Protein chains: 2
Amino acid sequence: MGVIDESGVLALATRLQRLSEQMRKDGLLIYKAHGIDFEPKWFPIIYTLHFKPVLSVVELANEIGYAHPSTITLLKELEKLKIIKSGKDKADERKRLVQLTEKGKALIEQMKPVWQIITAAATQLIDTKTNLMKAIEEVEQQMELQGMYQRALSLMAANNIKNQPDK
Amino acid sequence: MGVIDESGVLALATRLQRLSEQMRKDGLLIYKAHGIDFEPKWFPIIYTLHFKPVLSVVELANEIGYAHPSTITLLKELEKLKIIKSGKDKADERKRLVQLTEKGKALIEQMKPVWQIITAAATQLIDTKTNLMKAIEEVEQQMELQGMYQRALSLMAANNIKNQPDK
DNA sequence: AAAATATATGTAGTCAACTACGTATATTTG
DNA sequence: CAAATATACGTAGTTGACTACATATATTTT
């Protein structure tokens, strides 16, 4: 039971991050190749607003699964580019309601064929024998059930009980 | 052929990154629960030096698959904690040779049981029907063969040829 | 052996997410 | 209805990787 084959799992976080970076970089290049100035990190927001046209900042953050400050940063960029616009909710002045501009809607139409290409290219990459997409979904579900830390605690407890007699 | 189910793939980069963050955070907690002050990001370096005791900065960077500036940053932290030490290579003065200190070696021995726990916990998470580890390895291989951008270019070329007659 | 090139390391700044904390408005409770 | 609490948003600073560039030493070419 050597230490050798632990290395893959133990360095998993790093590998996930680097894979993510690579995909984002390539995504950017693909948009560029179509003459579109669009960053992959903006996708979740744009895409969500395409289907839910008016949302507050926090609602949007929840929809895309980001912390709200990350969302605010992205919204700032998109607002500067006039892809989205926003204004106070008159019914609840704490809220800022966000929606696509006409320019934003046009951009989406322009991007749709590119999304097909990206999806096709990513699918080629991902559809190996063991499907990454499915694997991630399953792990995300497992995580929700119980995170790695909680699992480790249980394992430690089990170990302590087993080792008790030896002491 | 709606846009709906593209969203998963198109947001893949983000999902990978967030999974990575979560695992790192939990990793840190598990070390802490064992009273060990160790950050998961240090693992690749420590682990590599455990098996290849003396390496230059760039050699080490290549071994762990990092860019060298990232490696330098990590080495600085580890050197400050006296987990590693380093000095000029007398045979080639450009090189700085890096190795574990006694403290570093002792730390590894202390961490070995923790690595087992982390591995076990991560394995629980990962060993779903579709194995994430295998999926990542396969995608990494596919990436090496041809990245997502290159694949997209090929797809675009194919599309253009098909669409040419329409114009 | 001088010049050109290559390699090793280091520094500075970027990126895309995060947490922690502060402020403003709304809602609930005593 | 005033006080306490909760919610929404925003700012500041962190993290862990990166790229681009600068410098020092070594190697290769002419």
Side-chain angles (χ1 to χ4, degrees), chain A residues 10-29 38-46 54-80 84 86-98, chain B residues 10-29 38-46 54-79 84 86-98 147:
Chain A
L10 288 167
L12 188 54
T14 300
R15 292 170 73 182
L16 288 169
Q17 178 169 350
R18 305 186 66 226
L19 199 53
S20 158
E21 264 168 31
Q22 194 55 56
M23 298 199 73
R24 221 186 307 250
K25 238 176 277 175
D26 281 6
L28 186 64
L29 286 177
F38 189 80
E39 300 191 23
K41 66 177 166 177
W42 294 331
F43 173 79
I45 287 185
I46 295 301
V54 182
L55 291 171
S56 76
V57 174
V58 168
E59 279 165 4
L60 187 50
N62 290 338
E63 282 284 334
I64 65 181
Y66 281 34
H68 81 269
S70 319
T71 309
I72 289 172
T73 306
L74 296 171
L75 287 174
K76 253 186 222 154
E77 296 172 14
L78 290 168
E79 193 145 26
K80 201 161 158 189
I84 63 113
S86 69
K88 266 200 176 145
D89 182 350
K90 278 157 205 160
D92 182 343
E93 298 249 304
R94 291 170 306 176
K95 288 186 185 172
R96 198 177 113 210
L97 296 180
V98 178
Chain B
L10 288 167
L12 188 54
T14 299
R15 293 170 73 183
L16 287 168
Q17 179 170 346
R18 307 187 63 227
L19 199 54
S20 157
E21 262 168 31
Q22 195 52 57
M23 297 200 73
R24 222 188 307 253
K25 237 176 279 174
D26 280 6
L28 185 64
L29 286 177
F38 189 79
E39 301 191 22
K41 65 178 166 177
W42 294 331
F43 173 80
I45 287 184
I46 294 301
V54 182
L55 291 172
S56 78
V57 173
V58 167
E59 279 165 1
L60 187 51
N62 290 338
E63 284 283 334
I64 64 181
Y66 280 34
H68 81 270
S70 319
T71 309
I72 289 173
T73 306
L74 296 172
L75 286 174
K76 253 186 221 153
E77 297 172 13
L78 290 168
E79 192 144 27
I84 62 110
S86 70
K88 269 204 174 140
D89 182 351
K90 278 160 205 157
D92 182 343
E93 297 249 303
R94 291 170 307 179
K95 290 186 183 171
R96 198 177 114 210
L97 296 178
V98 177

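Keep in mind the model is a prediction, meaning the values are calculated, not measured. Below, chain A is the first sequence line, B the second, and so on; all start at residue 1.
Residue contacts for B:Q22: at a heavy-atom cut-off of 4.0 Å it reaches no nucleic acid atom on any strand shown. Note on A:E77: nothing from the nucleic acid sits closer than 4.0 angstrom, heavy atoms only.
Out of D:dC18, C:dC18, C:dT25, the shortest distance to the side chain of B:R18 is found at C:dC18. Listed nucleotides: D:dG10, C:dT9, C:dA12. Nearest to the side chain of B:R96: C:dT9. Considering only the side chain of A:K25, D:dT19 comes nearest among D:dT19, C:dT25, C:dC18.
Judged as a salt bridge (Lys or Arg N to Asp or Glu O under 4.0 Å), and not counting sequence neighbours, A:D89 has no contacts. With sequence neighbours excluded, the residues forming a side chain to side chain donor-acceptor pair (under 3.5 Å) with A:R24 are A:S20, B:Q17, listed by chain and number. Scored by the side chain to side chain contact (heavy atoms under 4.5 Å, CB included) test, B:S86 finds B:E79, B:R96, B:V98 as partners (sequence neighbours excluded). In this structure B:I72 satisfies the side chain to side chain contact (heavy atoms under 4.5 Å, CB included) test together with B:V57, B:H68, B:K76, sequence neighbours excluded.
Along DNA chain C, the nucleotide nearest A:E39 and the nucleotide nearest B:D92 are compared for position; the residue whose nucleotide lies closer to the 5' end is B:D92. DNA chain C is contacted by both A:K90 and A:T73; A:T73 maps to the nucleotide lying nearer its 5′ end (nearest heavy atom per residue).
Taking only side-chain nitrogens and oxygens, B:S70 never comes nearer than 4.0 Å to OP1 or OP2 of D:dG16. The phosphate of D:dC9 (OP1 or OP2) has no side-chain N or O of A:K76 nearer than 4.0 angstrom. OP1 and OP2 of D:dC18 both lie 4.0 Å or more from every side-chain N or O belonging to A:R24.
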Enumerate all atom pairs, one protein N or O and one N or O from nucleotides 4-7 of chain C, separated by less than 3.5 Å.
from	atom 1	to	atom 2	distance (Å)
C:dT7	O2	B:R94	NH1	3.0

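Within residues 55-66 of chain B, the residues that have a heavy atom under 4.0 Å from DNA chain D are, in order of number, B:Y66.
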